[in-house]
Amino acid sequence: MRILGIESSCDETAAAIVKDGKDLLASSILSSSQLHKQFGGVVPEVAAREHTMAIVPAVQTVLDEAHMELADIDGIAVTEGPGLLGALLVGMTFAKALAVALQKPLVGVHHLEAHLYANALVEPIEFPALALLVSGGHTSLFYWEKHGSLRLLGETRDDAAGEAFDKGARILGLSYPGGPEIEKLAQAADETELLVLPVAQLGRDSLDFSFSGVKTATQDLYRKHPQQKANIARALQEAVLKALVNTVARAQKQLGVQQIYLAGGVTANGRLREVFEDFGRRTGVAVHIPPPIYCTDNAAMVGALGYWELQSGRLLDKYATPRTPYNLG
Ligand code: KG4
Ligand code: ZN
């Protein structure tokens, strides 16, 4: 079964063709992120306008790459939410029109659940598992029992992990998105000068996160040590990663699951991979992280989850509108 996935929730216009929820036949990601850089964040109206221009080329590219025609598609999957309303509207309207014209089934997917399915492009998901979603807008930990069943265990009480990187980067005068900038700068940190930032601890058994404190602490540290940008970037990165791995470790102990799946833009971070791979080695728990290109927004993950949504029979009709906000689990 070949699914055309479409993603337009933020500033990436993406299309992909995925076979049977696991084999990626083609993927195209067109980003408007360069246009948003000067504003220090995504401008919703600009993102929506760019989607309207990029969506047809993105879909045409994947059809060409997969040597397919529209008629060869068995179904369409589109991101229903959460995300920017105008941006989602472009992808959904396009997907609905295509489904009606081709008379193919259409399913809507949850953007964050889709992030997890980037892992299904590598190998089949093994249940039960823990799932950690770390993106620009969310930091959430789930018990993942089976396809279609995610139970929320904990989430951020304030900023998301990606937001901590984005805000920290802004404090240090770096550009948007901040995560990759912080990672790059942290690599230039001085080995001898170790600056440390505090990580919020929300009680012994809590599986929630809090990243607003680290932002304020970054600001204070930068005021005290304006010459030590790289060391502060490393301290911020280490503080965020420590909070993530400590909470996952606590949940793993509580639930005893042997599989951990990570997903979302922040998992593109190379140091995050090291920290979690080390955790896996120490505990014997299997840690899965998608290849970096499928950590940030893409449509391959939408096509992969679309396969399972289609199996469940929950089809979207032509009156469907974006769901934002849209809670998961
Ligand atoms: O999942 P995503 O592409 O979009 C959302 O759904 O939010 O995540 C974007 C977030 C941004 O906050 C960005 O700074 C962060 O992911 N990010 C990173 C890295 N690459 C992207 N954070 C840390 N290190 C990276 N290499
Ligand atoms: Zn995302």
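Counting starts at 1 for both ligands and their atoms, in listed order. Being a predicted model, the structure only gives us computed values, none of them experimental.
- Side chain to side chain, His51 and Thr13 meet the donor-acceptor criterion of an N or O pair below 3.5 Å.
- Which parts of ligand 1 touch Gly162 is read off a 4.0 Å heavy-atom cut-off, strictly below it: atoms 12 (O).
- The distance criterion of under 3.5 Å between nitrogen or oxygen atoms is met by Gly179 with respect to ligand 1.
- Selection from Thr79, Asp297, Val42 by nearest heavy atom to atom 4 (O) of ligand 1 gives Asp297.
- Note on Leu207: it clusters hydrophobically with Val240, by side-chain heavy-atom contacts below 4.5 Å among ILVMFWY residues.
- Contact atoms of ligand 1 toward Phe165: 22 (N), 23 (C) (distance under 4.0 Å to a heavy atom of the residue).
- When hydrogens are left out, the protein atom nearest atom 6 (O) of ligand 1 is His111 NE2, 3.3 Å; that is the closest non-hydrogen contact.
- Between Arg49 and Glu45, at least one side-chain N (NZ, or NE/NH1/NH2) sits under 4.0 Å from a carboxylate O, which counts as a salt bridge.
- Protein heavy atom closest to atom 11 (C) of ligand 1, with residue, atom name and distance, is Asp166 OD2, 3.6 Å.
- Looking at ligand 1, you'll find an N or O of Gly136 within less than 3.5 Å of one of its N or O atoms.
- Atom 24 (N) of ligand 1 has Asn269 ND2, 3.0 Å as its closest protein atom, hydrogens excluded (heavy atom only).
- Arg250 and Asp205 are not joined by a salt bridge, as no carboxylate oxygen comes within less than 4.0 angstrom of a charged side-chain nitrogen.
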Donor-acceptor list for residues 116-124 side chains, cut-off 3.5 Å, not counting sequence neighbours:
{"residue": "Tyr117", "atom": "OH", "partner": "His147", "partner atom": "ND1", "Å": "2.7"}
{"residue": "Asn119", "atom": "ND2", "partner": "Leu116", "partner atom": "O", "Å": "3.1"}
{"residue": "Asn119", "atom": "ND2", "partner": "Leu262", "partner atom": "O", "Å": "3.1"}
{"residue": "Glu123", "atom": "OE2", "partner": "His288", "partner atom": "ND1", "Å": "3.3"}

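- Looking from atom 26 (N) of ligand 1 to the surrounding protein, the closest heavy atom is Glu183 OE1, 2.8 Å.
- Side chain to side chain, Glu7 and Ser9 meet the donor-acceptor criterion of an N or O pair below 3.5 Å.
- With a heavy-atom cut-off of 4.0 Å, His115 touches ligand 1 through its side chain alone.
- Between Asp220 and Lys224 there is no salt bridge, since none of the side-chain N atoms of the basic residue sits less than 4.0 Å from a carboxylate O of the acidic one.
- Within ligand 1, counting atoms from 1 as listed, the ones closer than 4.0 Å to a heavy atom of Gly137 are 7 (O).
- Considering only non-hydrogen protein atoms, atom 17 (N) of ligand 1 sits nearest to Gly265 O, 3.5 Å.
- Distances from ligand 1 to the non-hydrogen atoms of Pro180 include at least one value under 4.0 Å.
- Protein N, O or S atom count below 2.8 Å of the Zn ion (ligand 2): the structure gives 3.
- Checked against the 6.0 Å centroid criterion, the rings of Tyr176 and His36 do not qualify as a close aromatic pair.
- Test Val302, Leu112, Ile6 against Thr79 for side chain to side chain contact (heavy atoms under 4.5 Å, CB included) and you get one pass: Val302.
- Per-residue contacts place Gly178 under 4.0 angstrom from the following atoms of ligand 1 (heavy atoms of the residue considered): 14 (O).
- Remark: Lys167 engages Glu163 in a salt bridge, criterion side-chain N to carboxylate O under 4.0 Å.
- Both Leu244 and Phe165 are assigned to one and the same hydrophobic cluster, defined by single-linkage of ILVMFWY side chains at heavy-atom distances under 4.5 Å.
- Close approach of ligand 1 to Thr296 is summarised as follows: ligand atoms under 4.0 Å from at least one heavy atom of the residue are 3 (O).
- Ile125 and Phe276 are not part of a single hydrophobic cluster, where members link through side-chain heavy atoms under 4.5 Å apart.
- A salt bridge links Glu309 and Arg314; the closest N-O separation between the charged side-chain nitrogens and carboxylate oxygens is under 4.0 Å.
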